[in-house]
Every structure is written in structure tokens, then in C-alpha cells.
There are 2 protein chains.
Amino acid sequence: MTRETVVPRVAPTLEAVAAAAGVSRSTVSRVVNGSSQVSPEVLAAVTSAIERLNYVPNRAARSLANRQTMAIALVVPEDTQRFFGDPFFAEVMLGITSVLEDSDYVLNLQLAKPSDPSEKAMRYLLGGNVDGAIVVSHHSGDDFFTTLDATIPVVFGGRPFQPEHHPSSFVDVDNAAGAALATRHLIGLGRTKIATISGPADMQAALDRHHGWSDTLREAGLDASLAATGDFTMHGGAQAMRELLEREPELDAVFAASDLMASGAVSVLRRAGRRIPEDVAVVGFDDSPAALSGEIRLTTVHQPSRIMGAEMARMLLARLRGETVETSRLMPTHLVARDSA
Amino acid sequence: MTRETVVPRVAPTLEAVAAAAGVSRSTVSRVVNGSSQVSPEVLAAVTSAIERLNYVPNRAARSLANRQTMAIALVVPEDTQRFFGDPFFAEVMLGITSVLEDSDYVLNLQLAKPSDPSEKAMRYLLGGNVDGAIVVSHHSGDDFFTTLDATIPVVFGGRPFQPEHHPSSFVDVDNAAGAALATRHLIGLGRTKIATISGPADMQAALDRHHGWSDTLREAGLDASLAATGDFTMHGGAQAMRELLEREPELDAVFAASDLMASGAVSVLRRAGRRIPEDVAVVGFDDSPAALSGEIRLTTVHQPSRIMGAEMARMLLARLRGETVETSRLMPTHLVARDSA
DNA sequence: CTGAAAGCGCTTACAG
DNA sequence: CTGAAAGCGCTTACAG
């Protein structure tokens, strides 16, 4: 259209640096990649040329040549709302980025639809765009992610559904044990009508926590039928609480499988005139910031979310380096007694 | 090390598809890229070969050849905590992803340190990894981002600092006008000692909102000296409120430059025995979910965050297409009167 | 409508 | 320690 007088500031290439330093491309490539096979003088000349030209290697060319992208994907099969709404994800991401910072890898966040990764997301993950992936919040419909491991290494945050089908590597806590901790605490408080608000049945962690609750109750000879399902959100927790209250107005305790759901339950209980913890004791799970931001300081099962994120990253990086690493890492939980139970 | 008996499931290339379909690579490339210059029969043959081999184009090779990455970066110069803590960012990201979904672009999230993007982030942005960038939450120290536009198109969320230096394209609201709306509302309520909690002075939006407040006050002949600075977080808002209360215990209104800061202020005011809105009227800014999740339903200045995100993406995509687009887009604000003022 | 060929900017054996 | 050359998997004029 218009006459362009602007010099098309093309990014300098290896070639240009080589010319400027008076050496071959191979040599420049060596210094860029930190090879020790370079004489001090040449090193200096090349380094200064790089500085002078402000050279940055072209990632596409590099990837094409050595088949590494130096990128890893963080896949969260949840909608944006839930991703941002639950502090758990922030903590995990914080842990991941903290270890990636010290590496040459960059993180690509991929929010996918639960149990139905988009065509686009699948192509992205399979199209050689990342060297590995971390999948947090796996749902049972997501077969794609468990089989993805055949193409690139993937580490799950939380034991994925059907690991027997495709043995996946993951970092998790012993969810059943954590739930048992919470339930025993409630029993120790003398409660007898102990309900639970479970997470979605298509998530392994939700199932495990549910079983931890029911097994503990049965061992104690208590009824384990008072269960409702939430979706790990505050709203879902409130909804489930209403249902439980209707079914059993006399309930005196509830174990919610997440702090957010516990918060929702607390609101409903109070609005229904129950004092917490006097009338109804509530225990959450996560010990995320959400445990402290609600109407009452939540008693909850602590899981080291940030550290778990860091472990996921470390595990993936180790596999990327070709090291033999354990397929799973289980982190400890503990009960944090505060005001709600 | 060990003898590998596993077939190294190499991803099929264009070449392989061409062979399978009995055509040239050029032809396969054409159908992959949706060229119309292909006969129906050949189209069918190639399509079926692609299906059969499960072919996914190698992105690095494609990028190298046509100099497009089909990726754009969302850069947020804030730490992970604040990024996840403020619903504003979630809304913007939601808007961005909604328009990107219908395109072939993927989004790469880059959290950078305020006023000091890491070496790594800079290299990433300059290294041909993305075709363009959206920068939300720009601080005055970030010269890198304003100059980045010389290399790849960047659209700012919120007018960047020093746009005169490097005319940047951005989408924003008229922050001063929004603040004036809030302030006039407070004046209309008969308040006379109207304070403000501003955002950080290194952000243009914070400055603009502050001026909207002070100009309106001066026009009304009221004192405009009661100002404290927060950092856009709840904690920062609380801190600033304490300071204001100490300086002027008689204050009867406060305009906070964000809902999160308004929430922090509300807590402090109540703890100090003030009734809201009777004793002190509070107006926030954003109308994000945070306006409804606190102790009181906040009266606030609505800005269409999600739509703004969508506009940023649309604007960037248009520039990527080589279209001539306006350099800035200003969205409207309006006051939402609820319970706090 | 289709194919042969050059080129995108790197890395990596292979010689020397 | 250094360089020439092939190759990574695509796209894109250029012919035909």
C-alpha cells in the first residue's frame, strides 16, 4: 500500500552473529548452548557479538533441530471460573513456577473443558508444542490425558482416574487418610450424626475422601449414609448442605471435601440457625487461604498444595532429563484445628 | 543403556501423509492449510490419509517456515498471589479466551515481576515465541513492555504509563470519569469529608481514578486532601483505611479504587465501630465478583472487564491480520448502587 | 490443479 | 578447539 521507508528490523540470526564475530555458525551455536569446547578468546568475541546484536535464538528453529520445545503445559480441565475461584490451583501453580523459574522451561497454561478437551487443546498437546505436561484436576472422562503419556511425559496432580489402565505418574496426598483424620476428629468431639459433602464422583480424590469418611464411620459403628455431592465450589457446598439439612435436620457434624465447600456449608448452616461448632461441627479439606477468609476460621485437613506443585514440576523435569523416577509421590496431610470443629 | 524394543512411535510427517496419499508434500500442505486449489478427489485422499495416520503438523517447522507462531502471550506483571486474588484478572482472561477460542491462536500466560520482567520473560517475548502480546496491569517501571511493540504487536489492558513516549494501543475505561461518578454519588448523599484509597502510583489507572476523585471534590468546593494509597489488594485497602481513620476520624465517605480495597476498608471501618453506609459511605471500583462476596454488597463503579478482555483480543487479532485498527478503545463505566453507599 | 526446489534458523555428528 | 554440511518438517513462489 504505502511506501515503507522503515527498515524492517529483522531479528539477527546465528549467521549474523557468526559473521560479526568472525567464526562459524557451529561455534556460535556452541557458545549459545554453553559448550565448554570453546577457547576463551573466541568465547569473548562471540559473547560480545551476541550482546552487540542483541541476539536471541529463534525458538522454532531450535525446536525443529533438536526436538525440544523447552515448554511444558499446565493443563487444568476446569473452566476459568473455577480455576480462578479455588485458591488450591493458585497454590499449585505457585509451586510449579517456583521450580520452573530455575530451569530453562516455560509454562503454558491450558484450561480445558472437563471430560472433553477441545480438539484444539489436543492438537496443541500432541503437536510437539510442549515437552511434557502437568495435569491437575483429572476427571474420569478424560481418557485423552491418561493416554497422552504415550506421546509426552505427563505428571498428574492428584491420582488420575483409572491409573490401572495406563499407569500414570502423579503426586498426591493420601486422601482417604486425610478424610479419616477429619472424621476421627469429629467422632472425638462426640458427634454421632456425621455427614459429608463429597466432591464430584468423576474425580479420584473425591472418591477417596468419601471412602475415608465412610470407612471411619463404619469402623466406629456409626451411620455412613448422610452424604451429598458438591462440585468443589462454595455454591455447590451450600447446595449440598441444604439437601443434607433437609434429609437430617439433627445432623451434628459435616466433613466437606474442600474448604470452599465447607465455607458454603457454613453459610447455609448459620442461616438455618445452627451455631458452629456448638450445634454442627464443620471440617474442610485443603487448608487453602479459603479456610481463613470465610465467616469462621475453618478446622481443616492440610495438604501441602504449593509443595505438591513443586514436586510435580520436579518429577516432570527429572523425567524430561531421562532420569528414572518414582511413578508417584504421596505427600502427608495433617489436621489443623481452628474454630469450626 | 537398555536395549529398546519399543517402536519409537515417531509422529508422522507431511512427507508420510504425501506418500500415503500418493501426492506431493505441497499438495498435502495445501489441504492442511485449507487452500481451495485442490481437486475434490485429491482432497478426499489426503484427508483420509491424515485421518489414518493421525497427522498433526509440527508447529516448530511451520513457524520456522512461515514466521508465525499462532500463539499470543498474556503478560501480567503481578505476582501469582495477586493475579489469582483479584477477580478482575479472571474476568479479563475469560474475555480473551472467549475470542481466542474461535481463532487458531493459543494463549500463553506469562506472570512477570512488576517493573522488572525477568531475563527469561524478555527472551521469551523477543525470541519469536509469540506473534503478539496482551499486557494487563502495566506499571511505570516496565519500559520493556512499551518498547516491545517495536518487535511484536502488543495491546495493553489499561492505558500504559507514558504512552506519549511510545504510542501504544490499549483498551481501557475512562477511569477519571468513573471515579467522578463515584465521587458525585457520594456528594449527592450529602457527604463532605470524602476520602479516597488510591491504587499504586506507578499505575496509570490508579492515577486517573485519583484525579477523577480530586477534581470532582474541588469542583464541589470540598477538601481533596484525604487520600491514602493501597496496592489494589484487600489487605492494602485495610491498611490505607486505618491510616485515613487516624488522620480524620470524622470522615463520612470513601471512594476506593478497587472492590478488593473497598472490602478491606469496610472490614476496618466496621471494626472501628462505623456503620456502613450510615456513618461512612463506601464506593468501590470494578464491580467484580468481589463486590458481592464481602460483608456488605458494595456500591461500585462497573467496568466491563470481560468485554474489555474480549476487545483486547479482537484488537490484537486485527493487527495480526494486518488490518488498520484504532490505537485505543475506551469502554463505558456506570455506577451500580447497592448497600454500601 | 499439482509438483520440484529453495529456504526458514537452528543443531549435530563428522572431519580435521 | 573449529568448520562444512546435512537435516529437522514445514511453506511458498515458480513452473507447468
Side-chain angles (χ1 to χ4, degrees), chain A residues 8-47 49-50 53-71 104 123-124 126-129 131 151, chain B residues 8-47 49-50 53-71 104 123-124 126-129 131 151:
Chain A
R9 308 210 309 97
V10 174
T13 66
L14 242 204
E15 184 90 55
V17 176
V23 298
S24 74
R25 285 147 62 203
S26 316
T27 299
V28 178
S29 178
R30 287 191 191 96
V31 350
V32 168
N33 292 298
S35 162
S36 55
Q37 307 287 73
V38 182
S39 71
E41 307 81 58
V42 172
L43 210 195
V46 174
T47 303
I50 287 176
L53 299 180
N54 211 281
Y55 171 71
V56 176
N58 176 303
R59 182 178 286 235
R62 191 188 278 219
S63 289
L64 185 57
N66 71 5
R67 291 137 168 303
Q68 282 189 237
T69 64
M70 297 315 271
D104 286 324
R123 294 177 71 84
Y124 185 79
L126 291 172
N129 300 291
D131 295 337
T151 308
Chain B
R9 307 209 311 96
V10 174
T13 66
L14 241 205
E15 183 90 55
V17 176
V23 299
S24 74
R25 285 148 61 204
S26 317
T27 298
V28 177
S29 178
R30 287 191 191 94
V31 350
V32 167
N33 292 297
S35 161
S36 56
Q37 307 289 73
V38 183
S39 71
E41 307 80 60
V42 172
L43 210 197
V46 173
T47 303
I50 287 175
L53 300 181
N54 213 279
Y55 170 71
V56 176
N58 177 302
R59 181 177 287 234
R62 191 189 277 220
S63 290
L64 184 57
N66 70 7
R67 293 138 166 302
Q68 283 189 236
T69 63
M70 297 315 271
D104 286 325
R123 293 176 71 84
Y124 186 79
L126 291 172
N129 300 291
D131 295 336
T151 308

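Here is the naming used below: chain letters follow the sequence lines, and residue numbers restart at 1 for every chain.
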- Query: Taking the side chain from B:N33 and the backbone from B:S35, do they hold a donor-acceptor pair closer than 3.5 Å?
  - Reply: no
- Message: I need the CD-P distance between B:Q37 and D:dG16, as an integer number of Å.
- Response: 18 Å
- Task: Could you tell me the separation between the CD atom of B:E15 and the P atom of D:dC10, rounded to a whole number of Å?
- Result: 9 Å
- Task: Please determine if a side-chain N or O atom of A:N58 lies less than 4.0 Å away from the OP1 or OP2 oxygen of C:dC8.
- Result: no
- Task: State which of D:dT2, D:dC10, D:dA4 makes the closest approach to the side chain of A:V38.
- Result: D:dT2
- Output yes when at least one side-chain N/O atom of A:N33 is less than 4.0 Å from OP1 or OP2 of C:dT11, else no. yes
- Find the distance B:L64:CG to D:dC8:C1' and express it as a whole number of Å. 9 Å
- Task: Please work out if B:V32 contacts a base, only the sugar-phosphate, or nothing of the nucleic acid, heavy-atom cut-off 4.0 Å.
- Result: nothing
- With side chain to side chain contact (heavy atoms under 4.5 Å, CB included) as the test, would you mind laying out the steps for B:N58 and B:T13 before giving the verdict? CA-CA 8 Å; B:N58 177 302; B:T13 66; over 6 Å; no
- Please report, rounded to the nearest Å, how far the C1' atom of C:dC10 is from the CE atom of A:M70. 15 Å
- Does B:R67 have a side-chain nitrogen or oxygen under 4.0 Å from the phosphate oxygens OP1 or OP2 of C:dG9? yes
- In whole angstroms, how far is the P atom of D:dC10 from the CZ atom of B:R30? 16 Å
- Kindly point out which of D:dC10, D:dA6, C:dG3 is positioned nearest to the side chain of B:T27? C:dG3
- Message: Once you apply a heavy-atom cut-off of 4.0 Å, does B:S39 come out as touching a base, just sugar-phosphate, or nothing?
- Response: sugar-phosphate
- Heavy-atom pair with the smallest gap, counting every atom of B:Y124 and B:N129: O-ND2, 2.5 Å
- Query: Partner of D:dC14 by Watson-Crick or G-U wobble geometry, both contacts under 3.5 Å, or none?
  - Reply: C:dG3
- Query: What pair of heavy atoms forms the shortest contact from A:V38 to A:R30, and how long is it?
  - Reply: CG2-CB, 3.9 Å
- Describe the nucleic acid contact of B:S26 in one word from base, sugar-phosphate, nothing, applying a heavy-atom distance below 4.0 Å. base
- Query: What is the distance, rounded to the nearest whole Å, between atom CZ of A:R62 and atom P of D:dG9?
  - Reply: 18 Å
- When you match A:P12 and B:L43 each to their closest nucleotide on DNA chain C, which lands nearer the 5' end? B:L43
- Between B:P40 and A:P57, just flag the one whose closest nucleotide in DNA chain C comes earlier from the 5' side. B:P40
- Please give, in whole Å, the distance from D:dA13 P to B:N66 CG? 11 Å
- Item | Distance in angstrom units between B:N129 CG and C:dC8 P, rounded | 20 Å
- Do any side-chain nitrogens or oxygens of B:S24 fall under 4.0 Å of OP1 or OP2 in C:dA4? no
- Item | Crowding at CD, A:Q68 (>12 non-hydrogen neighbours, <6.0 Å) | yes
- Examine C:dT11: is either OP1 or OP2 under 4.0 Å from a nitrogen or oxygen in the side chain of A:S29? Give yes or no. yes
- Query: Does any N or O in the side chain of B:S29 come within less than 3.5 Å of the main-chain N or O of B:R25, such that one atom is a donor and the other an acceptor?
  - Reply: no
